[in-house]
Amino acid sequence: MQRPLSTVGVLETGAIVLGTNIIADGHAVGFSVRVVTHIHQDHIVGLSRSIRELGLIAGTPLTLDLLEVSGYRIPPSKRLVLPYGVSVSIDGDVLTLKQANHVPGAAEVVVELANGTRVGYTGDFKLPGTDILYELDVLVIDATYGVEEWVRPWQEEIDLLLADVVQEGLMYGPVYIYGYYGKIEEIMLLLRRHGVDAPFLVNQRVGRSVSVLERHGYRVGDVVVDGTREAREVKRSGWYIGFRHYSSWRRRRVLPSNGLRPVHILLTGWEFREPLRRVSPREWIVSFSDHADFRQLVSYVEEARPRMLIVDGYRGGRAAAYFASYVSKRLGIPATVMPDVRG
Ligand SMILES: [Zn+2]
């Protein structure tokens, strides 16, 4: 089968190599620029080392500011701020970031190499709301849900369903939502879009992210940080939405409730049976993901039609191998997994 260009691929460190000058989302020595597509942990591996050892750290204005509040200090001389659609030349390679629908600030990466080859990397994304990268010689894709059974037919309606469950819960008391960082911020914006105007109660870390979002023009509305006087008042009122990290779900029943009867909602990307599952009178599991499901992955690749596809096996595991073989067999596009997860 056709081999990928040796200058494009995924390294064992998780770095996506896009030519000889630019990498994304992992560390490797000898490159000029590291792009950070978004702030999730598996995309900022080795970032401190990249900040020390590489020339420039590139990202959207929002992503670079969110990194600062997560504790990464990027010297101003190393910050390469790239709004969506703005191109910069790095030793003859032209780098552009495109809009990805994933978490606020997320981007895809396109590099037109000095020799005319066009390569791209989706980062994490879901549809709609993500720019399709066309006319690429090589596309590196994230395929977290690259297995045929992993579909959420309700993915386009889930925003509305979730907003309804939240509104209903608020009629009786506070609502607690459990999810990963990044997703929490996305859900806050989603609820505001759907007219939910109860105050949000967050921890200090999310509070700092919200300030950055506001600075970048997002309207998050009324947000109070736990531990403050405002937070105590909001809690007494019983009308609020508390956001907690996914890992706190197992401690939900020991949450001090002040005699109120909170509704708890867990957001998970691994529920494929139904959009909403009520596990007890006041506990919901909601099938909500920031990643494309299998159908969306196939439709992205069908539309983009790269000459060659590399599936990110560092983050995709078994699904990456499955998706690569599906694309080669069914779509007739040469596809492989990197690094080779089959060992
Ligand atoms: Zn992500």
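Because only heavy atoms are used, hydrogens play no part in the values below, and waters and symmetry mates are left out as well, while side chains stay in. Numbering of ligands and ligand atoms starts at 1, following listing order.
Annotation: side chain of Y300 is in contact with side chain of L133 (closest heavy-atom distance under 4.5 Å).
In summary, the aromatic rings of W270 and Y145 are positioned with their centroids under 6.0 Å apart.
For the residue pair H245 / S247, a side-chain donor-acceptor distance below 3.5 Å is found, with atom types taken as modelled. A donor-acceptor contact closer than 3.5 angstrom is absent between the side chains of D25 and Y314.
Protein atoms of type N, O or S found under 2.8 Å from the Zn ion (ligand 1) total 4.
Ring pair Y178/W249 is perpendicular by interplanar angle, where above 60° counts as perpendicular and below 30° as parallel.
Surrounding CD of E135 are at most 12 heavy atoms belonging to other residues, nucleotides or ligands under 6.0 Å away.
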